[in-house]
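None of the values given here were measured: they were computed from a predicted structure. Ligands are counted one by one from 1 in listed order, and the atoms in each one are counted from 1 as well. As a basis for the values below, the full set of heavy atoms in this structure was taken, side chains included, without hydrogen atoms, waters or symmetry mates.
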Amino acid sequence: MTDRYAIIGHPVAHSKSPEIHAWFAKETGQNMVYERLLAPLDDFSGTVDRFRAGGGRGANVTLPFKLEAFAYASELTLRARQAGAVNTLKFEGGTVVGDNTDGIGLYRDILDNLHIPLKGARILVLGAGGAARGVIGPLLDGDPAQIAIANRTPARAEEIARQFAHAGTVRAIALADLAAFQFDIVINATSASIGNGLPALPPSCVRPGALAYEMMYGKGETPFMQFATREGARSIDGLGMLIEQAAEAFLLWRGLRPTTSSLLHKMRGA
Ligand code: NDP
């Protein structure tokens, strides 16, 4: 029987994951199918149960189910525990492994695709939701000089900073206080761009020549990207992160790491 995988979310029609995994499967010669699965908002676990019963071997999980996927897993990887959220499930008999590949996806996109060093960098992460929490650990692995977290609701940024304080120089800074700092890499991990919004960010905190990384993808030049470009930064969206997190999920499922550069090139061109 052909191995089945899926992206589970609500909504899920917009997802580019089936296209990405079809490319990976072809490139690595894997006999598998990857489909979209729309789960009812009140029945994530039932949807996963039925998918497993029907031969599902693994799934990616997107909004709004990453916390439910965390609870569904019977075993968690370290990075899933650090993130407090799961975006990848692997089904092995009765065991459900929960992983979080978002952070390593961002790490690889910055280092391998954009060729921007993390070592010694002053990094600002905007936002304190699931995506922000998931990227702090992998970013710290790159040995930056510091990571600042700023969020509309400051207490959430402070909580993440406390969680990672033992692992490196991570601190929460109020958005209003950012004018006193300059950063080499500014990552927009808020969902403000979905509504064409922009976090209240003082222009001076973006160093000219900095990398401005918009985690959202597929919406063209967001207000954050336009703002950062005006300040002399290099702006990029999260398509590379999406492809890299998918490659890491594929590795977990199939034991093979697909190459990503030609796919990224093709999808950017499109
Ligand atoms: P969450 O809902 O968990 O968190 C949203 C965050 O955005 C919170 O910190 C919230 O602040 C903040 N926020 C929302 N609206 C505004 C606003 N108008 N102004 C300022 N801050 C705001 O979302 P996620 O963390 O899961 O996702 C964040 C973004 O990252 C999304 O755009 C998502 O698409 C993207 N993403 C991209 C991935 C990729 O592979 N490229 C992977 C994962 C996520 P508060 O705490 O005050 O509510």
Side-chain angles (χ1 to χ4, degrees), residues 7-12 14-21 41 60-70 79-80 82-88 99-110 113-114 124-139 148-161 163 172-176 178 186-202 211-225 227 235-250 260 263-264 267-268:
I7 171 80
I8 303 177
H10 188 120
V12 80
H14 66 285
S15 173
K16 294 185 190 300
S17 294
E19 181 185 343
I20 294 170
H21 283 282
L41 287 174
N60 287 130
V61 179
T62 187
L63 290 173
F65 298 124
K66 289 184 183 182
L67 293 181
E68 286 182 66
F70 183 87
R79 55 197 185 189
Q82 281 185 337
V86 158
N87 79 334
T88 303
D99 196 359
N100 190 309
T101 65
D102 284 336
I104 187 73
L106 174 69
Y107 174 93
R108 284 189 200 285
D109 194 33
I110 293 176
N113 298 331
L114 301 170
L124 171 62
V125 176
L126 296 167
R133 186 181 289 272
V135 300
I136 304 296
L139 288 175
I149 310 170
N151 190 44
R152 184 176 61 179
T153 309
R156 298 184 75 196
E158 285 156 16
E159 187 194 326
I160 299 181
Q163 183 191 334
I173 301 179
L175 280 163
L178 285 174
V186 180
I187 298 165
N188 186 13
T190 75
S191 49
S193 303
I194 293 173
N196 264 330
L198 175 68
L201 189 61
L211 171 68
Y213 198 100
E214 169 70 82
M215 271 200 196
M216 210 180 69
Y217 55 87
K219 294 272 185 194
E221 290 267 314
T222 65
F224 168 75
M225 293 168 73
F227 163 88
S235 298
I236 191 95
D237 75 5
L239 179 64
M241 174 178 172
L242 178 76
I243 291 175
E244 295 298 337
Q245 64 77 27
E248 194 72 14
F250 193 92
T260 51
L263 175 60
L264 181 55
M267 289 181 77
R268 281 232 180 278

Query raised in the report: Less than 4.5 Å apart, any side-chain heavy atom of Phe70 and any of Asn100?
Result: no
Requested in this report: Report all protein residues having a heavy-atom distance below 4.0 Å to some atom of ligand 1; order the list by chain, then number.
Outcome: Leu63, Lys66, Asp102, Gly127, Ala128, Gly129, Gly130, Ala131, Asn151, Arg152, Thr153, Arg156, Ala189, Thr190, Ser191, Ala192, Met215, Met216, Tyr217, Gly238, Met241, Leu242
Query - Side chain to side chain, Leu263 and Thr260, heavy atoms closer than 4.5 Å - result: no
Query - Arg268 bridged to Asp237 by N-O distance under 4.0 Å - result: yes
Query raised in the report: Quick one: does Leu201's side chain get under 4.5 Å of Leu124's, heavy atoms only?
Result: yes
Query raised in the report: Do Ser193 and Lys219 come close enough that some side-chain heavy atom pair is under 4.5 Å?
Result: no
Query - Test item: Leu126 and Leu175 side chains (from C-beta on) under 4.5 Å apart, heavy atoms - result: yes
